Amino acid sequence: MPELPEVETIAKKLKSVVVGRKIEEIQIFNPKTFQGDAQLLLSQEIVDVSRRAKIIEMVFANDYVLLTHLKMTGQYLFQNDGDLIAGGHPTNDWQEQLPGKHTRVQINFEDKSKLFFNDMRKFGWLRLVAASSLETVYSALGPDIISPEVTTDYLLSQFKRRKMPIKQAIMLNEIVCGVGNIYACDSLNLAKISPFRPAQSLSREEVDILLSSMKVIINKAIEYGGTTFDGKYVDIEGKAGSYQTKVLTYGREGKNCYNCGGTIQKTKLGGRGTYFCPDCQI
DNA sequence: GAGAGTGTTGTAAC
DNA sequence: GGTTACAACACTCT
């Protein structure tokens, strides 16, 4: 679920509701989820919210930044006056009550509104760092897929020495950030390139097509608010994304390929479920 | 009821 | 140095 489009959507919504609010109390229900000294944030005001790779940054007036990685199942829910600020959230039992069974961190603001971090599998984390050490955190990450830094030449230079399947290469964060499993499958289908091709075997023309395909898919997913399977991804208002209704390959095993009418197959590549059309992805 | 599979990614081992 | 395997965890599906 949370891939770049989801994180982008969540960061934007978060920004619209938490900027300007001051923290009164932070309750940590799962100690491993919160890294750093939460006390530093008491009485501090959130001045900005942004996103880098799949990490959400909440910037505070005292130059500390609270980073959040949602990993597989993390989600933020914002509550004001006892109600979620917009209805329509899925009726999963773990979202009916807040804080709930899977709430790991609860942030109470001075105006009595609340922000909940829910994460079933506990892979996600919140990390408080000084603004000055942000660069260290991001040093191993490549540029975002939607950044102008990612060009055909850049990708060609990264793929040149890699023998690994192209699907794994585009999911490597040191090359580009923001292409997760679902969008990797769909981008390769749109580009009509087999996920198994060694990265270094792609021609300049193919890399060019793949790059524009990835941007098309990611932008479309952002437009639709991300992807929801089994109601496990919701934005901070509890609303589900709708890219899953637009998905080209992921979860469509046995269905027709939109490119050529062939049959979408599922296989495993690098330990990850991989969907592709063997007829047109060559 | 046991066992496999799940959208992420850092780390260790090969 | 590139690549793979696995762990972190809780839940659903077969």
Side-chain angles (χ1 to χ4, degrees), chain A residues 1-10 29-35 51-56 67-75 90 92-95 100-105 117-127 136-142 145 157-187 195-201 217-218 221-222 224-235 240-253 266-275:
Chain A
M1 41 148 239
E3 303 198 32
L4 187 140
E6 290 86 331
V7 181
E8 175 77 17
T9 304
I10 292 167
F29 302 110
N30 184 57
K32 288 178 84 172
T33 301
F34 196 103
Q35 303 163 20
R51 173 199 61 79
R52 194 134 143 205
K54 294 177 188 170
I55 296 172
I56 298 168
L67 305 177
T68 304
H69 200 305
L70 302 168
K71 288 292 180 102
M72 310 276 282
T73 56
Q75 59 178 336
N92 292 21
D93 55 355
W94 49 299
Q95 288 155 8
K101 186 177 169 187
H102 300 97
T103 301
R104 309 305 178 195
V105 178
F117 179 72
N118 285 3
D119 183 25
M120 183 184 73
R121 288 177 74 177
K122 297 184 184 172
F123 289 179
W125 45 254
L126 278 66
R127 183 182 302 162
T136 323
V137 176
Y138 294 120
S139 60
L141 296 178
I145 179 62
S157 70
Q158 291 293 321
F159 292 162
K160 196 166 58 184
R161 64 172 194 276
R162 313 261 183 184
K163 294 190 179 74
M164 69 167 59
I166 185 63
K167 180 183 172 233
Q168 284 174 258
I170 59 177
M171 290 174 64
L172 265 190
N173 283 340
E174 58 192 80
I175 298 181
V176 286
C177 289
V179 185
N181 202 26
I182 300 171
Y183 303 123
C185 291
D186 275 16
S187 300
F196 306 102
R197 289 269 303 280
Q200 59 189 189
S201 76
I217 295 290
I218 294 283
I222 292 175
Y224 286 95
T227 307
T228 300
F229 290 109
D230 309 326
K232 286 182 184 169
Y233 162 72
V234 291
D235 68 23
S242 61
Y243 180 78
Q244 70 276 11
T245 62
K246 306 287 167 187
V247 75
L248 301 179
T249 59
Y250 196 90
R252 295 190 63 248
E253 185 178 16
K266 180 186 184 183
T267 184
K268 202 150 204 180
L269 208 181
R272 315 290 300 276
T274 299
Y275 297 83

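What you are looking at is a predicted structure, and each value in this text was computed from that prediction instead of being measured. Below, chain A is the first sequence line, B the second, and so on; all start at residue 1.
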For atom [atom1] of [X] and atom [atom2] of [N], their distance in whole Å:
X: A/Phe123; N: B/dT11; atom1: CZ; atom2: C1'; value: 14 Å
X: A/Glu174; N: C/dT3; atom1: CD; atom2: C1'; value: 11 Å
X: A/Lys167; N: B/dT8; atom1: NZ; atom2: C1'; value: 12 Å
X: A/Ile10; N: B/dT8; atom1: CD1; atom2: C1'; value: 14 Å
X: A/Gln168; N: B/dG10; atom1: CD; atom2: P; value: 16 Å
X: A/Leu269; N: C/dT3; atom1: CG; atom2: P; value: 13 Å
X: A/Leu67; N: B/dT8; atom1: CG; atom2: C1'; value: 16 Å
X: A/Phe159; N: C/dG2; atom1: CZ; atom2: P; value: 15 Å

If we take the [atom1] atom in both [N] and [M], what is their distance in whole Å?
N: C/dA5; M: B/dG5; atom1: P; answer: 14 Å
N: C/dC6; M: B/dA4; atom1: P; answer: 13 Å
N: B/dT11; M: C/dC9; atom1: P; answer: 16 Å
N: C/dT3; M: B/dG7; atom1: P; answer: 22 Å

Return no unless some side-chain N or O of [X] is found under 4.0 Å from OP1 or OP2 of [N].
X: A/Lys54; N: B/dT9; value: yes
X: A/Asn173; N: B/dT8; value: no
X: A/Lys101; N: C/dA10; value: no
X: A/His69; N: B/dT9; value: yes
X: A/Lys71; N: B/dG7; value: no
X: A/Lys266; N: B/dT6; value: yes
X: A/Gln244; N: B/dG7; value: no

Q. With side chains defined as the heavy atoms from C-beta onward, is the minimum distance between A/His69 and A/Phe123 less than 4.5 Å?
A. no
What pair of heavy atoms forms the shortest contact from [X] to [Y], and how long is it?
X: A/Gln200; Y: A/Lys160; answer: NE2-O, 3.0 Å
X: A/Ala184; Y: A/Met171; answer: CB-CG, 3.7 Å
X: A/Thr274; Y: A/Cys185; answer: CA-SG, 4.0 Å

**Q.** Side-chain-base donor-acceptor pair under 3.5 Å for A/Arg121 and B/dT6
**A.** yes
Looking at [options], which one has an atom nearest to any side-chain atom of [X]?
X: A/Ile182; options: B/dG7, B/dT8, C/dA10; answer: B/dG7
X: A/Met72; options: B/dT6, C/dA10, B/dT9; answer: B/dT6
X: A/His102; options: B/dT8, C/dC11, C/dA8; answer: C/dC11
X: A/Lys122; options: C/dC9, B/dT6, B/dT8; answer: C/dC9

**Q.** A/Thr73 vs A/Lys122, side-chain contact (heavy atoms from CB on, under 4.5 Å): CA-CA, chis, key distance, verdict
**A.** CA-CA 8 Å; A/Thr73 56; A/Lys122 297 184 184 172; over 6 Å; no
**Q.** Contact nearer the 5' end of DNA chain C, comparing A/Arg161 with A/Gly270
**A.** A/Arg161
Q. Please, what dot-bracket string fits DNA chain C when only Watson-Crick and G-U pairs with both distances under 3.5 Å count, crossing ones use [ ] and pairs to another strand use |?
A. .|||||||.|||||
Q | Polar side-chain atom of A/Arg104 near backbone of A/Pro31 as donor-acceptor pair, under 3.5 Å | A | no
Q. Roughly how far, to the nearest 0.5 Å, is the CD atom of A/Gln75 from the OG1 atom of A/Thr103?
A. 8.5 Å
Q.
Heavy atoms only, 4.0 Å cut-off, all strands: where does A/Arg162 land among base, sugar-phosphate and nothing?
A.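 If one applies the 4.0 Å heavy-atom cut-off, A/Arg162 turns out to touch the sugar-phosphate alone, with no base involved.
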Q: Step by step, work out the side-chain contact (heavy atoms from CB on, under 4.5 Å) result for A/Val247 and A/Tyr275.
A: CA-CA 11 Å; A/Val247 75; A/Tyr275 297 83; over 6 Å; no
(Q) A/Phe117 vs A/Phe34, test: ring pair (Phe, Tyr, Trp, His ring centres under 6.0 Å). Steps then yes/no. (A) CA-CA 10 Å; A/Phe117 179 72; A/Phe34 196 103; 9.8 Å; no
